[in-house]
Amino acid sequence: MKQGQYYLTTPIYYVNAAPHIGHAYTTIAAETIARLQRMKGLDVVLTSGTDEHGTKVERAAQAQGKTPRAFVDLISNEFRAQWQKLDLRIDRFQRTTSPEHAKLVNELFEACRANGYIYKGSYTGMYAVVSEAFVNDAKPGDVDPETGKPYEEVTEENYFFKLSAFTDRLLALYEENPDFIGPEIRRNEVLAFVKGGLADLSITRTSIKWGIPVEADPSHVFYVWFDALTTYISAVAGEDRWPADLHLIGKEILRFHAVYWPAFLMAAGWPLPKRVFAHGWLLFENDKMSKSRGNIVRPSPIADVMGVDALRYFLLREIVFGQDGSFSFDALVGRYNSDLANGLGNLASRTLSMLAQYRDSTIPEPSSHTAIAHVAETAAASALAYFNASDFSKGLEQVWSIISAADKYIVELAPWKLAKLTDDAAQKLLSETLYTAAEALRIVCVLISPILPKSAQAIWSQLGYTGRVEDEKVGSLKWGGLPGNQKISSIAAVFPRLDVKDTVKKMVELEGAEKSRQAALMGVSPAPDAPSVATTTPVAPIADTISIDDFSKVDLRVGLVKSAEPVKGADKLLHLNVDIGEAEPRTIVAGIALAYKPELLIGRKVVIVANLQPRKLRGLTSQGMIVAASLEGGSPVLASFLEEVPIGARLK
RNA sequence: GCCGGUGUAGCUCAGGUGGUUAGAGCGACGGUCUCAUAAUCCGUAGGUCGCAGGUUCAACUCCUGCCGCCGGCACCA
């Protein structure tokens, strides 16, 4: 890594989902930081990419009758196309399926092994196919609560990474580099997690085919994180850019970046990234966005209707970076109208228009220092400080204080009145006033360029510049930079005011089309539009075919809930007594406490798996399992009957 | 259950180490100007600062308890 360089990354996105606004949020934020660093004069590289291996991908491809390769090519291209459409400049796009990446993963593995941090162990366990993880404590016949699919019993020889050996070194890392993890809340979470002790990680699989082969032992392929995180290095292979200055990620993958990744690198003796920053989630009107809620928003309809800059502005202004934030179409258009149309757009419009009318489209000579100059310089410095700390919303507030001061100043000086006066003093004052307004506008343009690149450039050009505003250096931003005598060019509204209802309607319509297009791409039939009702859009692949005999092994019974109470010390568990026609009601412990109030369950008829091996949970022995629809990321919904059914009836 | 965070005007949020009338932006309402994108500018709008105690001359700001929400861990057959 050379002086004067800056290297940052977005996560590599998993190709089991089509790009949505959450992906766009991370990528936009990263691209904004990249632009900002460039305007500080640094040689910046921003990488993104796609994570393309694993059983989930293999099965999704199979479901579409495609080879994994063809499938991942398709989705990876979709991500790239999306970033292009949003005008996001991604300097390197790395895929986990690229050959140079495979080479590097093996190098990392060998380096760790040479230092004694890799060992071969045998592991037998229940494996959840969909989440691609071994499940601790699961027993044969158990079912994945998230997908309703049985776990698969898997015994395999794995290579393990001695993560346990790194507890102290990781804690020392966080201690010595307080900025390694941001924001503070996330840092504390990681600290608590690591202090709780770390278990070794299985980093290879023999049961998966679609992955990077371990060269030293080709019956193995690398497993998720060992394979994926390494893209941050392979993306800039041969460029002398590693270590990264910043990994920008969503909070859901913090542990992998703040714990596993530095441990892998320490084990190999490779340099560590300097900072990991986890931003918050984008909620849709305060609900989590999820497939099951059907409230996922895609970025391209917004870009089509309102422009990319409107989306960028909203995401970085409305949401405090690092915290969760709420997205809504109304808020988006509201922000646009009040800040961009009425604020910045109108200031540009009135300033340029007056220059055209009163000064023959020519910028007057730079004027002496005014109060506005002071305001602008102070706010600019403050804004840049906030931007540097990735506090975009506060930084933008500072920039807008310049706009507001300029508007106020214009009204006070009333150039339209001065224009009617012919004496020299009035004309001189008019020139000064117009210069001041234009210069304030110029400073605003430079400051917002990383966030609103297109709009900043549009105003910049209207101010008469022929070059690019992004080539300006923010470090040398001083009052008086706008050259006198410069001819402004033709004026056009940069942010036309939008009708809220109309605009939202258009976006929602396009959103529907985009949803269908993506669903087709992913190979799932688009669900009917019912945004407020829970619909399961892309359906998880169907499990392997079983015979009727296999099915008849499962004894499902109608049961009546006699009692229900929370299990002490567990958030999700309810202790139920269910009568299925036997001498005694059964004790059933069910993970439905978040979705159902115990008192509302009493007297309700439910479906029970009656011949499931009993299982001890929180001290109680559960004699069966309650059947419920399991929504990904959502609450379970109990199976029930519309007609009367007798207790103990069997389902078959 | 453990750990952490949080609860301030309709909305989004500011309010180091306690001290005159609790702030900003948006929205709303009234007014003004006319250069401008029915924009700007000015003014107004009265929120028990979650609840209850406590410490103090004085608490939104400290302490205790409770309630609500969010997150991490445990947990989900």
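Protein chains get the first letters and strands the later ones, always in sequence-line order, with residue 1 at the start of each. Hydrogens, waters and symmetry mates are skipped; everything else that's a heavy atom, side chains included, is used. The shown structure was predicted, so the numbers you read here are calculated from the model rather than taken from an experiment.
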Quiz prompt | First of A:Gly624 and A:Phe495 reached from the 5' end of RNA chain B, by closest nucleotide | solution = A:Phe495
Practice problem: Could you check whether A:Gly343 gets within reach of a base, just the sugar-phosphate, or nothing at all, counting any heavy atom under 4.0 Å? | Solution: nothing
Quiz item: Is any side-chain N or O of A:Lys195 closer than 4.0 Å to OP1 or OP2 of B:rC3?
Solution: no
Practice problem: Under the ring-ring contact (aromatic ring centres under 6.0 Å, His included) rule, collect the residues that match up with A:Phe314, sequence neighbours excluded. | Solution: A:Phe327
Exercise. List in numerical order all residues of residues 384-394 of chain A for which some heavy atom is under 4.0 Å away from an atom belonging to RNA chain B.
Key: none
Self-check item: Approximate separation, where rounding is to 0.5 Å, of A:Ile253 CD1 and A:Lys251 NZ
Solution: 13.0 Å
Quiz item: Of the nucleotides B:rC41, B:rU34, B:rA77, which one has an atom closest to the side chain of A:Met625?
Solution: B:rA77
Exercise. Quote, to the nearest angstrom, the C1' distance that separates B:rU17 from B:rA59.
Key: 14 Å
Quiz prompt | Distance below 4.0 Å between A:Arg335 side-chain N/O and B:rC26 OP1 or OP2 | solution = no
Quiz item: Can you tell which of B:rU34, B:rA39, B:rA77 lies closest to the side chain of A:Leu573?
Solution: B:rA77
Practice problem: Would you mind telling me which of B:rU37, B:rU40, B:rC73 lies closest to the side-chain atoms of A:Val411? | Solution: B:rU40
Exercise. Determine: side-chain N/O of A:Gln357 to OP1/OP2 of B:rA36, distance under 4.0 Å, yes or no.
Key: yes
Self-check item: Selection: residues 349-356 of chain A, any non-hydrogen atom under 4.0 Å of RNA chain B
Solution: A:Ser349, A:Arg350, A:Ser353, A:Met354
Self-check item: Closest listed nucleotide, where the reference is the side chain of A:Ser622 and the choices are B:rC35, B:rA77, B:rU37
Solution: B:rA77
Quiz item: Between B:rC60 and B:rC51, how far is it from one C1' atom to the other, in whole Å?
Solution: 14 Å
Quiz item: Side chain of A:Ile410: nearest nucleotide among B:rA36, B:rC73, B:rC35?
Solution: B:rC35
Quiz prompt | A:Lys408 side-chain proximity, nearest of B:rU40, B:rC73, B:rC41 | solution = B:rC41
Quiz item: Roughly how far, to the nearest 0.5 Å, is the CD1 atom of A:Ile402 from the CG atom of A:Leu447?
Solution: 5.5 Å
Practice problem: Please determine, for the side chain of A:Lys251, which listed nucleotide (B:rC41, B:rG71, B:rA39) has the closest atom? | Solution: B:rG71
Exercise. Counting heavy atoms from C-beta on, name the nucleotide in B:rC41, B:rG72, B:rU34 closest to the side chain of A:Glu189.
Key: B:rG72
